[in-house]
Amino acid sequence: MLEIKFVRQNFDLVQNSILKRCKSTNIENFKIYDSKVRAILQEIEELRHRRNMFSDKIASMKKKGIDSDSLVLEMRNESETIKNLNSDLLENEEKLNNILMEIPNIPHSSVQEGKDSSDNLLIRTIGKLPDFDFEPKHHWELGEKLKIFDFERASKITGARFPLYFGAGAKLERALINFMLDIHTTEHGYTEVLPPFMVNRQSLTSTGQLPKFEDDLFKIEGWDYYMVPTAEVPVTNIHQNEILDESTLPIMYTAYTPCFRSEAGSYGKDTKGLIRQHQFNKIELVKFAKPENSYDELERLTQNAETILKRLNLPYQVVSLCTGDLGFSSAKTYDIEVWMPAQGVYREISSCSNFENFQARRGNIRFKRKGEKKTELVHTLNGSGLAVGRTVAAIIENYQQKDGSIIIPENLRPFMGNIERISL
RNA sequence: GGAGAGAUGGCCGAGUAGGCUGAAGGCGCUCGCCUGCUAAGCGAGUGUAGGGCGAAAGUUCUACCCAGGGUUCGAAUCCCUGUCUCUCCGCCA
């Protein structure tokens, strides 16, 4: 959320930034409701001031034994007026707030203007593409042949787009989770967190999934709970409504969670394999940083995610999302895309963002500098480190052999009982 | 699932026969003093948000004692609903 004062004073800039994002959010009514709210508020405050004064007067009259009935009667009416004005106020405030909650973050000045992913800026390309002397197969073909996953049976258990791993496949997924968590905790200094896998409405509002993107979520019927779409939500909300001590910043957490997404609007896209599932595993990196450091922290966080790919010897590229492709809450985002040989394309495997104080304002996450009395909003950042299912897919495709077996990346072997390859 | 107790400022913790209590006290924090360092000690200050006036220091008004309703001229204090925490019983991985 942007600060209401900022929107009021920089209305054109805000509107412009929505245009740059190629979004159609209409904020014209902001001005109307804003001035209405302010006018009503002023009136109420005056009336309340009067009421407070006369209440004191009534108190002292009663003490002295003076008759105050007429004054009481008058104040009774006035209280009624205040009550009516107040419901008027609430109504307008709600409308104003709804608009405010749907305004996306302002892109950082370094973010390239563009309409969609085709305008994203390539930052770097790392690693050597594998050189096959045969036609590389898709991971789902290889995986099903090796009997390490079975999408048919998964759909029987639940429905389309759910994973079901067996044997070395299940182990590979688990090994990667441990591999990633170990590197982030022991080498990059993150604290491991295991959060709830369901979150409430307030938490999703803090991080920006709600109110706008309810359709993307799985909701628990009869509860105010939702399945986590990403660990970003529970982990960022650890410090919801807190005032952090400056000396603890940056706070760095890493968490494994499964992620649940309805994938509304993506029917027909990536229908096969592990790329787009309703449930997938992900390791998340989350930081709470001081404003002046947050862009350095973003670079570091992105590199932390890249480290995993480097250790696995998977080729990838990093792109900076253009304004049109940027997520709602983000001011700047780097996507890390891993090479998928069968399709011959780079696919997103991590998304690392700086939200500046956009989420912090919604979640009321602040810090206090030593010697200062004012609190400030922290900057929040997060990124995948990495999406596990897609990493499995990438390993299978990049490490496939002519005979259909899969070589296990060397650094991962200690986590796989030291086996060197998955074969029939 | 049944029965109780509680929710107050950065933290701990007073305050319920309704009216200068934005809220005692303590801790913490900030500034100053003192002790050749440190610790201790002494003094002063120290909530948040919004609005008015002021160049600023400041000043003034409004709101906030879990949340939302209600009673009342007036509620941290009374009533209702909800949420969360704790204790006991039951059940259970």
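Atom set for the values below is all heavy atoms of this structure, side chains included, hydrogens, waters and symmetry mates excluded. Keep in mind that this is a model prediction, so the values were computed, not measured. Letters A, B, ... are given to chains in the order of the sequence lines, protein chains preceding strands, and every chain is numbered from 1.
Protein atom CD of Glu43(A) is 18 Å distant from nucleotide atom P of G51(B), rounded to whole Å. Rounded to whole Å, atom P of C64(B) lies 13 Å from atom CG of Leu90(A). Between the P atom of G68(B) and the CG atom of Asn86(A) lies a distance of 11 Å, rounded to the nearest Å. Distance, Met53(A) CE to U62(B) C1': 14 Å, rounded to whole Å. As rounded to whole Å, 13 Å separates atom P of C73(B) from atom CD of Glu78(A). The nearest whole Å value for the distance from the CD atom in Glu94(A) to the P atom in G68(B) is 13 Å. Between the CG atom of Asn241(A) and the C1' atom of G9(B) there is a distance of 15 Å, rounded to whole Å. Here the P atom of nucleotide G50(B) and the CD atom of Glu93(A) are 13 Å apart, to the nearest Å.
Side-chain proximity of His49(A) to C61(B), G51(B), C73(B): nearest is C61(B). Comparing G51(B), C84(B), U62(B) by their closest approach to the side chain of Tyr225(A) singles out C84(B).
Less than 4.0 Å separates RNA chain B from at least one heavy atom of each of the following residues of residues 67-77 of chain A: Val72(A), Met75(A), Arg76(A).
Salt bridge status for Arg50(A) with Glu74(A): present, with a side-chain N to carboxylate O gap under 4.0 Å. A salt bridge does not link Asp325(A) with Arg21(A): none of the charged nitrogens is closer than 4.0 Å to a carboxylate oxygen. A salt bridge is absent between Asp245(A) and Lys368(A); no separation between the charged side-chain nitrogens and carboxylate oxygens falls under 4.0 Å. At a threshold of 4.0 Å, the pair Glu187(A)-Arg311(A) counts as salt-bridged, since one of the basic side-chain nitrogens sits closer than that to a carboxylate oxygen. With respect to the salt-bridge test (charged N to carboxylate O, under 4.0 angstrom), the residues Glu297(A) and Lys287(A) qualify. Between Glu242(A) and Arg366(A), none of the side-chain N atoms (NZ, or NE/NH1/NH2) sits under 4.0 Å from a carboxylate O, so this pair counts as no salt bridge. In summary, Arg261(A) and Glu263(A) do not engage in a salt bridge, as defined by a charged side-chain N under 4.0 Å from a carboxylate O. Of the charged side-chain nitrogens involved, at least one lies within less than 4.0 Å of a carboxylate oxygen, so that Arg369(A) and Glu292(A) count as a salt-bridged pair. A salt bridge does not link Arg390(A) to Glu337(A): none of the charged nitrogens lies less than 4.0 Å from a carboxylate oxygen.
G70(B) and U46(B) are spaced 36 Å apart, taking the P atom of each and rounding to whole Å. The same atom, C1', is picked in U72(B) and in G2(B); the two are 37 Å apart, to the nearest Å. Taking the P atoms as reference points, U77(B) lies 11 Å from A67(B), given to the whole Å. Across the C1' atoms, G74(B) and G18(B) are found 8 Å apart, a figure rounded to whole Å. For the C1' atoms, the distance linking G25(B) with G13(B) amounts to 8 Å, nearest Å. Look at the P atom in both G68(B) and A55(B): the space between them is 37 Å, to the nearest Å. U30(B) sits 16 Å from U48(B) when the P atoms are compared, rounded to a whole Å. Comparing A76(B) with A7(B), their P atoms sit 15 Å apart, to the nearest whole Å.
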Q: Summarise how protein sits on nucleotides 53-58 of chain B as a single string, 5' to 3': B when a protein heavy atom is under 4.0 Å from the base, S for sugar-phosphate-only contact, - for no contact.
A: ------
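Taking only side-chain nitrogens and oxygens, Asn52(A) never comes nearer than 4.0 Å to OP1 or OP2 of G74(B). At C73(B), none of the side-chain N or O atoms of Lys83(A) fall inside 4.0 Å of OP1 or OP2 (strictly under the cut-off).
Both distances falling under 3.5 Å, in either a Watson-Crick or a G-U wobble arrangement, occur for no nucleotide opposite G22(B). Across all strands shown, A3(B) forms a Watson-Crick or G-U wobble pair, both distances under 3.5 Å, with U87(B). Using Watson-Crick or G-U wobble geometry with both donor-acceptor distances under 3.5 Å, G41(B) finds its partner in C33(B). Across every strand in view, G58(B) sits in a pair with C53(B) that passes the Watson-Crick or G-U test at under 3.5 angstrom. Figure legend. A93(B) is base-paired to no nucleotide; pairs are counted as Watson-Crick or G-U wobble with both atom distances under 3.5 Å. The base-pairing partner of G10(B), taking Watson-Crick or G-U wobble contacts with both distances under 3.5 Å, is C27(B). A 3.5 Å limit on both hydrogen-bonding distances identifies A67(B) as the Watson-Crick or G-U partner of U81(B).
Comparing Ile44(A) and Ile243(A) against RNA chain B, the residue whose closest nucleotide sits nearer the 5' end is Ile243(A). Along RNA chain B, the nucleotide nearest Leu41(A) and the nucleotide nearest Arg50(A) are compared for position; the residue whose nucleotide lies closer to the 5' end is Leu41(A).
Residue Ile283(A) is tested with Phe179(A), Tyr256(A), Tyr190(A) for a side chain to side chain contact (heavy atoms under 4.5 Å, CB included); the sole match is Tyr256(A). The side-chain hydrogen bond (donor to acceptor under 3.5 Å, both in side chains) test with Tyr295(A) is passed by exactly one of Arg300(A), His379(A), Lys332(A), Glu356(A): Glu356(A).
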Q | Stepwise ring-ring contact (aromatic ring centres under 6.0 Å, His included) test for Phe213(A) and Phe328(A) | A | CA-CA 10 Å; Phe213(A) 306 102; Phe328(A) 174 77; 5.5 Å; yes
Q: Evaluate the ring-ring contact (aromatic ring centres under 6.0 Å, His included) criterion for residues Tyr226(A) and Phe260(A): first the C-alpha distance (whole Å), next the side-chain angles of each, then the deciding distance (0.1 Å), finally the verdict.
A: CA-CA 9 Å; Tyr226(A) 298 78; Phe260(A) 302 90; over 10 Å; no
(Q) I'd like to know whether His188(A) forms a side-chain contact (heavy atoms from CB on, under 4.5 Å) with Ile183(A), so could you lay out the CA-CA distance, the side-chain angles of the two residues, the decisive distance to 0.1 Å, and finally the verdict. (A) CA-CA 7 Å; His188(A) 299 152; Ile183(A) 289 175; 3.5 Å; yes
**Q.** Derivation of the side-chain hydrogen bond (donor to acceptor under 3.5 Å, both in side chains) call for Tyr253(A) and His184(A)
**A.** CA-CA 9 Å; Tyr253(A) 293 130; His184(A) 293 315; over 6 Å; no
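Of all non-hydrogen atoms in Gln359(A) and Thr236(A), the two that sit nearest each other are OE1-CG2, 4.0 Å.
Looking at Ser203(A) and Asn200(A), their side chains do bring a donor and an acceptor atom within 3.5 Å of each other.
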N/O contacts under 3.5 Å, protein versus nucleotides 16-20 of chain B?
{"from": "G19(B)", "atom 1": "N2", "to": "Ser55(A)", "atom 2": "O", "distance (Å)": "3.1"}

List every contact pair, protein side and nucleotides 45-49 of chain B side both N or O, where the distance is under 3.5 Å.
{"from": "U48(B)", "atom 1": "OP1", "to": "Lys373(A)", "atom 2": "O", "distance (Å)": "3.3"}
{"from": "A49(B)", "atom 1": "OP2", "to": "Lys374(A)", "atom 2": "NZ", "distance (Å)": "3.3"}

Between the protein and nucleotides 26-31 of chain B, which nitrogen or oxygen pairs are less than 3.5 angstrom apart?
{"from": "U30(B)", "atom 1": "OP1", "to": "Lys370(A)", "atom 2": "NZ", "distance (Å)": "2.8"}

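Judged by the 6.0 Å and 45° rule, Lys219(A) forms no cation-pi pair with Tyr225(A).
Glu232(A) is linked by a salt bridge (Lys or Arg N to Asp or Glu O under 4.0 Å) to nothing, counting only residues two or more places apart in sequence or in another chain.
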